[in-house]
Amino acid sequence: MRIIVLGGGVVGVTTAYQLQRDGHDVVLIERNAEVADETSWGNAGMVAPGHSFVWSSPKAPMTLLKSLVLKDQALRFRLSADPRLYAWSWQFLMECTAAKARRNTLLKHRLAAYSQQVLHEVIGGEELAYDRNDRGILYFHRSQQALEAGIANMRLLESDGQQIRVLNREQVVGLDPALGHVGDRIAGAIWCPTDETGDPAKFTRALAALVARRGGEIRTGTTITGFETAGDRLAGVATDRGTVTGDAYVLATGTASAALGRRLGLSLPIYPIKGYSLTIPIGNRPKPPALAAVDEHNLVAISRFGDRLRVTATAEFAGYDKSHRPSDFAFMKRVTQELYPEGADYDRAEMWAGLRPMTPTNLPFFGRRHLRNLYLNTGHGHIGWTMSHGSARITADLIAGRTPAIPLDGLVAGSA
C-alpha cells in the first residue's frame, strides 16, 4: 500500500521505517524543516523501561497543588485560560489512584520493554550512529529512607522482568568515578543495567535518511491544512504544498494530534506538558559522567551523548507555550554542576523547552476509530523515545492485519 505518515518525530519516523520494511510505499509529512525538530530533539535520550512509572500517581495531586505556591516542584501547574487544560487535568487526576497507577505502570513497562527489543533488532541490522551508551542508568537517592522507598517501588517493575541491582555508595562511585566527590551525599542507587541512552534526534534523522535512500518520501516543511474524507475513509490530507493521498494514514503528530484529530471528529485527550533541557558540551573537562543517571531527590536526569551532556527536569502543565528564561534552567544546571563539577563546560549550555504529548494514563493511542484507514500512533508522553520502536512495529502489524507480538488488551486506552 501507499501509506501516509503524519508527523516526523521519532514516533513518525520509526513508523515509516517499519512500514517500509513491510513492503509499503511511505510518505512522511513533517511541518518543520527537519525531522526530530521538536520533542524528539531535546528530551533526555533515555531508552529506559526502568523509568516506566506513570506521572499520574497518588502523590501527583498534592505536588501539583503545592506548585501553585512553591516554585521547585517537579510537577508544576500553571493557571491558564485554556479550558482544555482543566478538562485534561481532571482526567489525569482520575488516574491518580494507587490501583490505576500500578496498572498503568505495568502496562507502560510492557510496551517499553518490547520497544527496546525492537530497537535492538533495528540497530542489529542497520548502521545508525546516535551516541549510544549501553552501560545502564543509575537511579540514585540522597537518603537511606528514600533509597529503601525507591527499591520498594522498583520491585514492581522487577516483577515484570526489569533487571535491577541495588548499589551502596561505594558501588555507585565504582560504577561511575565521576561521582566520587559527592559519594557522601548519595545513600545508594538502583542500577538498571539494561537501560540505555542515545541521541534521539541523531537516531531519527539517520533513520529518516535511510527511509529516503530506500525510496520513501520525507516531505519536511509541509504543514497540514485539512482533510478530505469519503464515507468512512480518509481520502486525502490537504497541505500547504498540495493534497497528499494514500491507501492508509497514520496520525503520529505528538502534541498536535488533539487539534488535528478534532478536524476528523476524534476526541483525543492528549495535552502538552512542558519540559526543559540543557545540552552542554563536555569540552576538555576531565570527569564527565560515564553513564546516565537520575537524581531522584531533585528529579534531574543526566545523559551523556558522546561529547555532550543532556540534562532534563520539570514537567509543567502550561499549555502550548514553549517560551523559557535562563532562570528556568538554574536549578537543573546547579544540580548537575554539583554532581559533575569537572564534567562539562557549563557556561556553554544550550537551553531548550519543549512539549511532551501526554495522555491522562501516560499510555499512547493505537489503532483505528471511525475512519477505517486512519491509524493512531500518538500520545507517548515523557518516554516516547523509549516506546517509539515497539509502537511503530505494533502499528505496522495492525495495518497488516497481524496480531502484535505483545497483547494490546488493557495496554492502551482506545486501542483497536
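Side-chain atoms of Asn362 never come within 3.5 Å of backbone atoms of Ile383 as a donor-acceptor pair (strictly under, hydrogens ignored). Lys274 places a side-chain N or O within 3.5 Å of a backbone atom of Ser323 that can act as its donor or acceptor partner. Side chain of Ser52 to backbone of Pro49: a donor-acceptor contact under 3.5 angstrom is found. Checking side-chain atoms of Thr14 against main-chain N and O of Val10 turns up a donor-acceptor pair under 3.5 Å. When atom types are taken as modelled, the side chain of Thr255 and the backbone of Pro357 share no donor-acceptor pair closer than 3.5 angstrom. Within the 3.5 Å criterion, the main-chain N or O of Gly8 finds a donor-acceptor partner in the side chain of Glu30. A donor-acceptor pair under 3.5 Å links the side-chain atoms of Asn373 to the main chain of Leu234, judged by distance alone. Between the Gln20 side chain and the Val211 main chain, a donor and an acceptor come within less than 3.5 Å of each other. Panel note: side chain Arg310, backbone Asn43; a donor-acceptor pair is recorded below 3.5 Å. At distances below 3.5 Å, not a single donor-acceptor pair connects side-chain atoms of Thr223 with backbone N or O atoms of Asp240.
Here Trp88 and Phe317 bring their ring centres to under 6.0 angstrom of each other.
For Pro288, the side chain to side chain contact (heavy atoms under 4.5 Å, CB included) partners are Ile282, Arg304, not counting sequence neighbours. In this structure Ala206 satisfies the side chain to side chain contact (heavy atoms under 4.5 Å, CB included) test together with Leu128, sequence neighbours excluded. Contacts of Arg84 classified as salt bridge (Lys or Arg N to Asp or Glu O under 4.0 Å), with partners at least two apart in sequence or in another chain: none. Every residue meeting the side chain to side chain contact (heavy atoms under 4.5 Å, CB included) condition with Glu296, not counting sequence neighbours, appears here in chain and number order: Tyr139, His141, Val294, Leu299. Listed by chain and residue number, Phe203, Trp385 satisfy the ring-ring contact (aromatic ring centres under 6.0 Å, His included) test with His389 (two or more places apart in sequence, or in another chain). Every ring-ring contact (aromatic ring centres under 6.0 Å, His included) that His324 has, sequence neighbours left out, goes to Phe329. Looking at residues two or more places apart in sequence or on another chain, you find a salt bridge (Lys or Arg N to Asp or Glu O under 4.0 Å) between Arg219 and Glu217. Residues passing the salt bridge (Lys or Arg N to Asp or Glu O under 4.0 Å) test with Arg31 are Glu38, sequence neighbours excluded. The salt bridge (Lys or Arg N to Asp or Glu O under 4.0 Å) test applied to Asp25 returns no partner, not counting sequence neighbours. Listed by chain and number, the residues in a side chain to side chain contact (heavy atoms under 4.5 Å, CB included) with Arg241 are Thr222, Thr239 (sequence neighbours excluded).
Going from atom CG of Leu291 over to atom CG of Asp134 covers 10.5 Å, rounded to the nearest 0.5 Å. The CD1 atom of Ile186 lies 7.5 Å from the CG atom of Asp295; values are rounded to the nearest 0.5 Å. Between atom OG1 of residue Thr39 and atom CD1 of residue Ile273 there is a gap of 11.5 Å, rounded to the nearest 0.5 Å. Thr312 contributes atom OG1, which lies 10.5 Å from atom NE2 of His382 (distance to the nearest 0.5 angstrom). We find the CD-CG distance between Glu95 and Leu93 to be 10.0 Å, quoted to the nearest 0.5 Å. Put simply, CE on Met358 and CZ on Phe92 are 6.5 Å apart, with the number rounded to the nearest 0.5 Å.
Side chains of Trp352 and Thr279 form no contact here, defined as non-hydrogen atoms less than 4.5 Å apart. When side chains are defined from C-beta on, Phe53 counts as touching Leu157, because their heavy atoms get closer than 4.5 Å. Contact of the Cys192 side chain with the His51 side chain is not registered, since no non-hydrogen atoms from C-beta on lie closer than 4.5 Å. Between Thr359 and Pro269, every side-chain heavy-atom pair lies at or beyond the 4.5 Å cut-off. Within the 4.5 Å cutoff, side-chain heavy atoms of Val311 are placed close to those of Val300. Thr105 places none of its side-chain heavy atoms less than 4.5 Å from the side chain of Arg102. In this structure, the side chains of Val172 and Asp176 stay at 4.5 Å or more apart for every pair of heavy atoms. Side-chain contact between Met46 and Ile137: present, with at least one pair of heavy atoms (C-beta onward) separated by less than 4.5 Å.
For the pair Arg285 and Asp345, the salt-bridge criterion is met [side-chain N within less than 4.0 Å of a carboxylate O]. A salt bridge links Asp22 and Arg402; the closest N-O separation between the charged side-chain nitrogens and carboxylate oxygens is under 4.0 Å. The pair Arg185-Glu338 meets the salt-bridge criterion, since a charged nitrogen lies less than 4.0 angstrom from a carboxylate oxygen. At a threshold of 4.0 Å, the pair Glu126-Arg214 counts as salt-bridged, since one of the basic side-chain nitrogens sits closer than that to a carboxylate oxygen.
Contact detail for Asn32 and Thr220: the closest heavy-atom pair is O-CB, 3.3 Å. Of all heavy-atom pairs between Ser303 and Ala44, the closest is OG-O, 2.8 Å. Taking all atoms of both residues into account, the shortest heavy-atom contact from Ala293 to Phe140 is CB-CE2, 3.9 Å.
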Check step by step if side-chain contact (heavy atoms from CB on, under 4.5 Å) holds for Tyr271 and Gln91.
-> CA-CA 11 Å; Tyr271 202 78; Gln91 291 177 280; over 6 Å; no

Apply side-chain contact (heavy atoms from CB on, under 4.5 Å) to Asn298 and Phe331, showing your working.
-> CA-CA 9 Å; Asn298 293 305; Phe331 178 72; 3.2 Å; yes

Begin with the C-alpha distance, continue with both residues' side-chain angles, and end with the deciding distance and a verdict on side-chain contact (heavy atoms from CB on, under 4.5 Å) for Ile123 and Arg132.
-> CA-CA 10 Å; Ile123 62 177; Arg132 183 182 181 223; 3.7 Å; yes

Side chain to side chain donor-acceptor pair (under 3.5 Å) between Ser391 and His380: does it pass, once the steps are laid out?
-> CA-CA 9 Å; Ser391 298; His380 292 75; 3.0 Å; yes

Using the side-chain contact (heavy atoms from CB on, under 4.5 Å) rule, take Ile164 and Arg155 through it: C-alpha gap first, then chi angles, then the decisive distance, then the call.
-> CA-CA 8 Å; Ile164 71 168; Arg155 295 299 183 198; 3.5 Å; yes

Name every donor-acceptor pair, under 3.5 Å, that has one atom in a side chain of residues 256-268 and the other anywhere in the protein, sequence neighbours excluded.
from, atom 1, to, atom 2, distance (Å)
Ser257, OG, Thr253, N, 3.4
Ser257, OG, Thr253, OG1, 2.8
Ser257, OG, Gly254, N, 3.3
Ser257, OG, Gly254, O, 3.0
Ser257, OG, Thr378, OG1, 2.7
Arg263, NH1, Thr225, O, 2.6

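In this structure, Glu127 places its CD atom where only 12 or fewer heavy-atom neighbours from other residues, nucleotides or ligands lie under 6.0 Å away. Applying the 6.0 Å contact sphere to CZ of Arg2 captures more than 12 heavy atoms from other residues, nucleotides or ligands.
Sorted by first and then second residue, the ring pair (Phe, Tyr, Trp, His ring centres under 6.0 Å) pairs with a member in residues 224-250 form an empty list; sequence neighbours excluded.
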